[in-house]
Amino acid sequence: MPNSSGKTSANTLTKKVRVRFAPSPTGELHVGNIRTALFDWAYARHTGGSFIFRIEDTDTERVTPEYIQAAINTLKWLGLDWDEGPEVGGAHGPYLQSQRLDIYAEWAAKFLAQGDAYHCYCSAEELEAVREAQRKANVAPGYNGHCRNLTTEQISSFVADGRKPVLRMRMPDGSTTFTDLIRGDVTFEHQFVPDFVLARNDGSPLYTLAVAVDDVLMGVTHVLRGEDLLSSTPRQLRVYDAMGVKAEDYPLFAHLPFVMGQDNAKLSKRNGETSIAWYRDAGYLPEAICNYLALLGWSPGEDRENVTMKELTELFTVERVHSSPARFDMKKLEAINGDKIRALTIDAFYEWSMPFLTKSGVASESPEDIALVKSALPIIQERITTLSEIPALLNFLFVKDFAIESESAAKITDDASKQVLTISAERLTSLAAQGSWDHASIEAVLRTALIEELGLKPRIAFSALRIAVTGSHISPPLFESMELLGAEKSLARIRGAI
RNA sequence: GGCCCCGUCGUCUAGCGGCCUAGGACUCUGGCUUCUCAAGUCAGCUACGAGGGUUCGAAUCCCUUCGGGGCUACCA
C-alpha cells in the first residue's frame, strides 16, 4: 500500500538515513512525544542511519530553558541516544532553532526576493474579521490574498501608517500530492491551503519556515512525526520548492497515529498520566515504557510483544506502523513492567531498587543495610509490578520501632492465634539455640509443630505468624522473611504479639 | 462548516482474497498450584461499525453511509 509512486527510491536506497526528533518544549515531553521519539530513534538505529535531536524553540512565548533541559534528560533516561543535537553537537548545528535565526532570516529574504513570498500588512484584527465573515458565509476560512499583489503606492501607505508586515508564502494554484509512508498518497488542493505566514512582523520565524529549512539543511531523509502535522505537509513541501530542492530530494514523510487517553480523547492528565517523570518516580523501567510505547501503533508481528531495546531496533520498520490511533492502557504497561522487572539480573534489580529504598527512608547506604537489601531482593522480585512497591514490602526488615498494622493486629488476638504464637516461640527458640536459623529449618520445625501436631491448616497457622513477624497479612514468603530478620528479632516480635 | 486522516474482542494488536466457525497479549471470570501477596499454569467471556457491490469465495478490493480524530493561528 505505501508509496506506489516510486519517488521514495532516491531517499530509501541511495542516501544514508537521517531522522530527526524535533519537539517544541512548551511543556514536559509527554507520552505521545516519547512514542514519536522512540520510533524516530528505532528507525535510525534499524537502518544504521543518524538520529538527530533538534529543539524547536521558535515560540519564545511558551518555550522555557527548563523544559528544554527536561526533554534532554527524559530522552537520556529512556536510553534514546542521539548522534547529533544538544550536548553532542554535530556537523549540521546548531540544533536549537533559537540559535539559527540568521539562517531563517536569510532564506526569508531570498523567498521575498524571488517572489515566492510577499509582505502582508494585514493586522490581526483585520484577518480575524475576514475569517469571521468567511465563517458566516460558510466558506473555508483562510487568508484571502489581500496583500498578494500590492502596488508600491499601497506598500508606502502601509509603511507610512507604521504597519509592520509578516512574510507570507505564496501558494500557487494546483495541488500537492505526496506519498506518506504510512498512509499512502495524500493530496491537498491548494485552494484549501491558503498563503501561510513564514515570519512574524518582528522577523522571527514560524514553525513552517524553520522546520522546512532545518530539515533540508540538516539533510533529513525521513520525517516521522505525529499525524497532527499531516495537513501542514504541503506547506513544508512548498518551502522546499522555494529553497530550490528537487522533488526527488524531499524528505519522506510518515505520519504516526496518535496516542489517545482512556476515553478516546487526546492523552492528558485527566485520563492517564502523561509525564515521563511521573512514570520514573512510580517505579517504571525505561525499557518497559519503551517496549509498551512501541506496541502503540506498531507490532513486530508473529504474536511477539516482549522486545528489548536492541530487538526493537532490529525489528522496527515503518511498514509495520499502523495508521489508526491507539489508546494508552496503564494495565498493560504495568504487566510489561512486571515482566521486565522479573527479567532483571539481581544486580540490575538492586541498582534500580536502592534509590526507592533510600528515598523512602526504609534503608540507608550503610554496608549492613545494603547487604540485607541484596539478600532480600530475590524474594520480592517476582511479586511487584513497579519499583515503588519495594519499600512497603521490605520495611519490616529495617524498621526500628516495629508495630503491627492496625487492621492486621485484630486478627491475632484470639486464643487460637495466641496458641500458635506461643508454641512457635518455644520451638523456634530451640531451633535458634541450635544455630540453624535458615528458612528450610524454620519451615520444618513450624510444620511439625503447627500442621502435624496441632492439625492446623497452613494458611491459618502461618497467618498469625506472618502478622506477628512482618506486621502485615501481606508479606514476602514467611520463612525466608524470618531468616532475613534473624532469630533474635523474629522471636522478640512473636513473643511481643502473644 | 470546509479539507485531510482513521474504523478487527473492553484495550493493544495478528491478518494484506480461500490457511479465519478470526490468532496472540493485557484486563475480567473460574480452576489448578500455594504460608499471604504475587508468580506460574489451565479454561472461559468478548471483535471484523453499518449497508451495498466485485468475486466461486471478503476482515481483506470498490462505493455509500455512520462514527471518531486532526487541521482550518503572526502555536507546533
Side-chain angles (χ1 to χ4, degrees), chain A residues 1 22-24 26 56 58-59 61-63 120 122-124 127-128 131 134-143 164-168 180 182-183 186-189 191-194 196-202 204 206-208 210-211 225-234 255 257-258 260 262 264-266 292 295-306 322-336 338-339 342 380-385 389 393 443 446-447 450-451 457-463 465-467 470 472-481:
Chain A
M1 173 190 60
S24 179
T26 54
E56 310 226 323
T58 54
D59 186 354
E61 301 272 304
R62 299 195 296 156
V63 174
C120 169
C122 297
S123 68
L127 293 172
E128 183 47 45
R131 278 193 290 269
Q134 287 167 327
R135 272 192 285 269
K136 283 211 176 88
N138 229 345
V139 297
Y143 185 64
K164 292 241 181 192
V166 299
L167 186 68
R168 237 176 235 286
D180 186 282
I182 293 170
R183 286 148 216 282
V186 183
T187 298
F188 289 88
E189 299 293 335
Q191 57 174 307
F192 303 117
V193 186
F196 54 98
V197 178
L198 294 167
R200 299 185 178 87
N201 66 185
D202 65 359
S204 61
L206 254 26
Y207 172 77
T208 40
V211 71
R225 50 161 26 169
E227 71 164 290
D228 50 333
L229 269 353
L230 180 62
S231 51
S232 81
T233 307
H255 288 93
F258 284 122
M260 316 289 278
Q262 303 289 352
N264 213 22
K266 239 181 145 179
Y292 175 62
L295 265 18
L296 258 29
W298 175 81
S299 92
E302 296 174 346
D303 295 338
R304 194 113 106 84
E305 295 206 315
N306 194 315
H322 267 236
S323 49
S324 54
R327 240 85 37 195
F328 184 87
D329 179 17
M330 188 74 94
K331 288 278 191 222
K332 179 91 173 187
L333 206 211
E334 285 172 6
I336 289 176
D339 286 342
R342 270 168 248 130
I380 62 164
Q381 188 169 11
E382 70 178 24
R383 15 181 64 80
I384 58 171
T385 53
E389 296 164 45
L393 233 34
E443 177 167 8
L446 291 175
R447 281 194 186 278
L450 306 174
I451 314 303
K457 289 242 185 288
R459 62 184 299 133
I460 304 293
F462 298 139
S463 173
L465 274 168
R466 178 186 313 287
I467 291 170
T470 70
S472 170
H473 64 282
I474 297 174
S475 82
L478 179 60
F479 314 116
E480 283 83 349
S481 294

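All values below come from the heavy atoms of this structure, side chains included, with hydrogens, waters and symmetry mates left out. Proteins get letters first, then strands, A, B, ... in listed order; numbering begins at 1 in each.
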OP1 or OP2 of [N] versus the side-chain N and O atoms of [X]: is any pair under 4.0 Å?
{"X": "A:Ser299", "N": "B:A14", "result": "yes"}
{"X": "A:Arg131", "N": "B:A73", "result": "yes"}
{"X": "A:His322", "N": "B:A14", "result": "yes"}

Can you tell me if [X] and [Y] form a side-chain donor-acceptor pair at under 3.5 Å?
{"X": "A:Ser475", "Y": "A:Arg466", "value": "yes"}
{"X": "A:Arg200", "Y": "A:Thr58", "value": "no"}
{"X": "A:Thr233", "Y": "A:His255", "value": "yes"}

Considering every strand and a 4.0 Å limit on heavy-atom distances, what is the contact class for [X]: base, sugar-phosphate, or nothing?
{"X": "A:Thr385", "result": "nothing"}
{"X": "A:Gly338", "result": "nothing"}
{"X": "A:Glu56", "result": "sugar-phosphate"}
{"X": "A:Tyr292", "result": "nothing"}
{"X": "A:Arg342", "result": "sugar-phosphate"}
{"X": "A:Phe196", "result": "nothing"}
{"X": "A:Glu389", "result": "nothing"}
{"X": "A:Ser472", "result": "nothing"}
{"X": "A:Leu229", "result": "base"}
{"X": "A:Pro477", "result": "base"}
{"X": "A:Asn201", "result": "base"}
{"X": "A:Pro476", "result": "base"}

Expressed as a whole number of Å, how far does the [atom1] atom of [N] sit from that of [M]?
{"N": "B:G15", "M": "B:A25", "atom1": "C1'", "result": "16 Å"}
{"N": "B:A59", "M": "B:U21", "atom1": "C1'", "result": "14 Å"}
{"N": "B:U60", "M": "B:G51", "atom1": "P", "result": "13 Å"}
{"N": "B:G31", "M": "B:G53", "atom1": "C1'", "result": "48 Å"}
{"N": "B:G40", "M": "B:A58", "atom1": "P", "result": "41 Å"}
{"N": "B:G24", "M": "B:C6", "atom1": "P", "result": "29 Å"}
{"N": "B:A14", "M": "B:U8", "atom1": "C1'", "result": "10 Å"}
{"N": "B:C5", "M": "B:C9", "atom1": "C1'", "result": "24 Å"}

Partner nucleotide, any strand, of [N] [Watson-Crick/G-U, under 3.5 Å]:
{"N": "B:A14", "result": "none"}
{"N": "B:G67", "result": "B:C6"}
{"N": "B:U60", "result": "none"}
{"N": "B:G40", "result": "B:C32"}
{"N": "B:C20", "result": "none"}

> More 5' along RNA chain B: A:Lys332 or A:Ala22, using each one's nearest nucleotide?
Replying inline: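 Checking each residue's closest nucleotide, the 5'-ward one belongs to A:Lys332.
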
> More 5' along RNA chain B: A:Val186 or A:Ser231, using each one's nearest nucleotide?
Replying inline: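 Final value for this comparison: A:Val186.
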
Among [options], which is the nearest nucleotide to the side chain of [X]?
{"X": "A:Ser24", "options": "B:C12, B:A76, B:U11", "value": "B:A76"}
{"X": "A:Arg200", "options": "B:C71, B:A76, B:C12", "value": "B:A76"}
{"X": "A:Asp329", "options": "B:C6, B:C26, B:U13", "value": "B:C26"}
{"X": "A:Glu305", "options": "B:C35, B:C12, B:C75", "value": "B:C12"}
{"X": "A:Ile474", "options": "B:C26, B:U36, B:C12", "value": "B:U36"}
{"X": "A:Val197", "options": "B:C74, B:C4, B:U36", "value": "B:C74"}
{"X": "A:Leu206", "options": "B:C12, B:U36, B:C75", "value": "B:C75"}
{"X": "A:Met260", "options": "B:C6, B:G69, B:A25", "value": "B:G69"}
{"X": "A:Val166", "options": "B:C74, B:C71, B:C37", "value": "B:C74"}
{"X": "A:Arg327", "options": "B:A38, B:C12, B:U13", "value": "B:C12"}

Report yes if a donor N or O on one partner sits less than 3.5 Å from an acceptor N or O on the other, where the partners are the side chain of [X] and the base of [N]; otherwise report no.
{"X": "A:Arg466", "N": "B:C35", "value": "yes"}
{"X": "A:Glu382", "N": "B:G40", "value": "no"}
{"X": "A:Arg459", "N": "B:C35", "value": "no"}

>> Expressed as a whole number of angstroms, how long is the span from A:Phe192:CZ to B:C3:P?
In response: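 It works out to 5 Å between those atoms.
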
>> Is the terminal nitrogen or CZ of A:Arg168 (NZ for Lys, CZ for Arg) located under 6.0 angstrom from the six-membered ring centre of A:Phe196 and within 45° of that ring's axis?
In response: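 No.
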
